[in-house]
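The first residue in the sequence is number 1, and the count goes up from there. Read the numbers this way: they start at 1 and go in the same order the structure lists the ligands and their atoms.
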Amino acid sequence: MDIRPILQVALDLLEIDRAVEIAKEAIAGGADWIEAGTPLIKSEGMDAVRELRRTLPGVRIVADMKTVDTGAMEVEMAAKAGADIVALLAISDDSTIQDAIRAARKYGVEIMVDLLSAPDPVKRARELEELGVDYICVHVGIDQQMVGKSTIDLLREVVQVVSIPVAAAGGIDASSGKDAIFYGASIVIVGGNITRSADVTGSARRIREAIDHVEGAGTSRRSLEEEMISIFREVSTPNITDAMHRKGAMRDILPIIPGTKIVGTAITVQTFEGDWAKTVEAIDEAGPGKVIVIYNGSRYVAPWGGLATLSCMQKGVEGVVIDGAVRDVDEIRRLNYPVFASAIAPTAGEPKGMGEINVEIVCGGQVVRPGDYIVGDDCGVVVIPKERAYEIARRAKEVEKNESRLFEEIRRGRTLSEVAKLKKWEKL
Ligand SMILES: O=C(CO)[C@H](O)[C@H](O)COP(=O)(O)O
C-alpha cells in the first residue's frame, strides 16, 4: 500500500500570530505537520511551540531547535511545550544525540536530525540511524541554495544508506517536492514557497498534489543558468537591489518605452561624446541574451538612434543601455524595442572609431564588466556581478515572495507598519 507522503510546513517567520494564521491556511491546503521554524523559535521561544500546540489540536508539531548541545535539556523543553518531534543538527556530538534520544523516549517524542552542513552527510546519516534517531532530514540550507547546491542530489545518496524515514528540505517547491518523493523521501519540508506565498492554501495544495502524484518526476531539471534567467524575468529591479543590500542600480537611466524589460549579459562599449562607430560595431558581436551597455559621456550628443536599433532587432539582441543620449525615439517606439538611456537629444555624433568594446566601463555610476548580468525595467537598470548572479537571483526571488505575502496581509486589512512589525524591529 502506498504510504501518503508527509508535507511538513516550516514556519520560518518571526511573529507567532502570523505563524498560526499561515499554519491554518497551510493545513487547509493539505499540510500534515507544522514546524516551529528556527527563526520563530529564536524570536518567540517555546511560546511559539505552546501556541501552535494550543491552536492546532491533533496536528503534529515539529520544533526545529537545530540543537547542537545539551540535547536532553532542549528536547525536554520542546516536549513540555507540546512538540511531537524535535530537530537537532547532525554536526552535534554523538553524546548530545544519545542524550536527546533518552529524553525523547522519556517524554514520548521523536527525534529528527538535520544533515545541514555536515562534512560527510552520507556517512553521518548511517551513524545517526545506528544511534537510534527516528528521522533523517536531508537539508541544503537557504544560503547554500543561493549558491546552487541541490537537496535532491544529496537525498539520492542518503536514501541508499538508511532505512528510517528521510525528509527533504531546502527551497522545496512542487517540482522538487515531487522529485524528492520520487527519489525516496517520505517527508518534504517546505518553508518559503508556502509561507511567503500570497496564496498559502493554494501553494500548499499545489505541492500536496505534486507529492501525491509523482509520475513523470525525475524529469531533467533546468540548468542553473536557465533557472537564473527565468527568475530575473520574474523579479523586479527593486527586488534585485534589495537582494544586493541596496547596491547595483544605475543612476538616471530609464526605459524609452514604459513596460519594457531586459535580462541579459553585458557587451560593454566605451565611447566618447556621441562617437557611434564602436557602439554600432558592438552589434556585430551581440545576439540573443546580450545587452549592449554604452558609456557615452554626453547627454547632448547621441551615439545611438533608429538605424542602430533596427540592426539590433535583426540580430535578436536583448536590449541597449546608454549612459548618455539617444535619438530617433519616435522610431524606437514604433519598433517597440527596449532602449534605456539617461537622456534624449536630436544630435548625433560621428563614427570616428574612438573607444573600445568589451572592456570594463562605468555606466550610470556602476562598474560594468563584459558578462555581468543586466536587468532593466520601469524602475531602471541593475548590474549583477556575473560571479554572484545565481545567488542574487535566488535572493531576489525570496524578496519577491516576501513582498507578495505582505501585499496579501495589507489586502486583508493590516497596515504596512503592522505587517512589517516596525515598532518591534526598529533598530535600537
Ligand atoms: O530549516 C530551515 C532554515 O534553516 C527551513 O525551515 C528549511 O530550509 C525550509 O525552508 P525553505 O523551504 O524556505 O528552504
Numbering as shown, the atoms of ligand 1 that approach A10 to under 4.0 Å (heavy-atom distance): 6 (O)
Passing option when V235 is tested against K397, E403, E398, K401 for side chain to side chain contact (heavy atoms under 4.5 Å, CB included): K397
I want to check something: taking the side chain as every heavy atom from C-beta on, are [X] and [Y] in contact at a cut-off of under 4.5 Å?
| X | Y | answer |
| --- | --- | --- |
| V291 | V317 | no |
| E227 | Y390 | yes |
| F232 | I384 | yes |

Closest protein heavy atom (residue, atom, distance) for atom 5 (C) of ligand 1: D12 OD2, 2.9 Å
Top protein contact for atom 1 (O) of ligand 1, by heavy-atom distance: K66 NZ, 2.8 Å
Contact check: G171 vs ligand 1, nitrogen or oxygen atoms, below 3.5 angstrom: yes
Nitrogen or oxygen of H139 less than 3.5 angstrom from that of ligand 1: yes
Candidate with minimal heavy-atom separation from atom 9 (C) of ligand 1, of G192, C137, G191, P39: G191
Check against ring pair (Phe, Tyr, Trp, His ring centres under 6.0 Å), Y135 and W33: CA-CA 14 Å; Y135 307 96; W33 297 355; 5.6 Å; yes
When you measure from the heavy atoms of [X] to every atom of ligand 1, does any distance fall below 4.0 Å?
| X | result |
| --- | --- |
| G37 | no |
| E35 | yes |
| D64 | yes |

Sidechain N-carboxylate O distance under 4.0 Å for R60, E110: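 Judged by the 4.0 Å cut-off on N to carboxylate O distance, R60 and E110 do form a salt bridge.
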Contacts of T279 that satisfy side chain to side chain donor-acceptor pair (under 3.5 Å) - sequence neighbours left out: none
